[in-house]
Amino acid sequence: MYKNNSMKLIEFSKHYPDEASCKAEFQLYRENQGIVCKKCTAKDMYWWLASKEQYECKKCGFRMSLKSGTVMENSKLPYQFWFIAFHLMTSTKKTISALELQRQLGHSYYEPIWAMMHKIRLVMGKRDATYELTSDIEADESYYSTRYVQEKNEFTGQKEELKRGKGSQRKTGVLVMASQQRKIHLKPNTIKGVSYSQPKFLKMKVVEDGTADEIKSTAQNSVDKEAGIKTDKAKSYPKAFENFRKLEMFDMSKFDPSKILPWSSKAITNSKNLIKAMHHGIEEKYLQNYLNEFCYKYNRRYFGEKVFNRLLICAVTFVWY
Ligand SMILES: [Zn+2]
């Protein structure tokens, strides 16, 4: 286990005591990352119209709000709510439910808080998608319990949930990939000289039907082609992983999976326990978001206080379209 060195609540409240401090920091981060005009894509050519709280493009005259093009686009929630969500979603080892966050924020409605958290998870996934796994990779498939909710009925507008036992309970496939055997010296909170072999990076991707082609494209989007893959024996794998440098398949009836694929096995167990404990009966279409959050935090577990600032950078740079 690692020690959680993320920002403490007391420090957070000193840095961001009110709406004005959160908004100012958001603007600072946004401008540091560069303002891109939504219309003509000119970079860093703008006037800041303070009274309107808008950027005006010097090139084409297009105006956009401070939130426009970021994770907060179209959100009516205060900046401070977002900052508190960034903090709580990165500072806790586990996670926080939307219901609990709603309670902590004292907000009357559940839905906007729930939507805010999902947007943050999307941003987390988007950032991790910019990295590729390299060297020796463990690949493993697992099935997560989800539920399927029918879309709104086109006549009544009502969401119709299927009854238990009639197909509402799903097992959704996930491809888990972990880069293996990277030496990390845990500093400064471990006994001198002790080092752990830990995976560097983790990716978890929902695979809808688990065909060789789907696994192939998912793996190719996530893993460097020079990597070597270690996995179990499945019929589709020779084809699914054919384009990588090396493929080793182990018959798990003869081997202990926790020995051959220790980090992916552990990540699967931990993420399932976490999702089960925090979010009861998650919908299949949101599973990827919860996995994004799990991986984002896992991949930055040694970042300490910086993890908050990193998330803030993702939040200001993300463009929805
Ligand atoms: Zn422009």
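Keep in mind that this is a model prediction, so the values were computed, not measured. Just follow the structure's listing: the first ligand is 1, and inside any ligand the first atom is 1.
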* Does Met45 belong to the same Ile/Leu/Val/Met/Phe/Trp/Tyr cluster as Met64, with side-chain heavy atoms less than 4.5 Å apart forming each link? -> no
* Structure fact -> Residue pairs passing the salt bridge (charged side-chain N to carboxylate O under 4.0 Å, His left out) test with at least one member in residues 205-215, sequence neighbours excluded, are Asp213-Lys239
* To do: Give a yes or no on whether a salt bridge exists between Glu73 and Lys119, defined as a side-chain N under 4.0 angstrom from a carboxylate O.
  => no
* Asked: Which count of protein N, O or S atoms is obtained for distances strictly below 2.8 Å from the Zn ion (ligand 1)?
  -> 4
* Does a donor on one side chain and an acceptor on the other come within less than 3.5 Å for Gln27 and Tyr79? -> no
* To do: Would you kindly check if the NZ (Lys) or CZ (Arg) of Arg300 is within the cone defined by 45 degrees around the ring axis of Tyr296 and under 6.0 Å from the six-membered ring centre?
  => yes
* Does a donor on one side chain sit under 3.5 Å from an acceptor on the other, for Gln288 and Asn292? -> yes
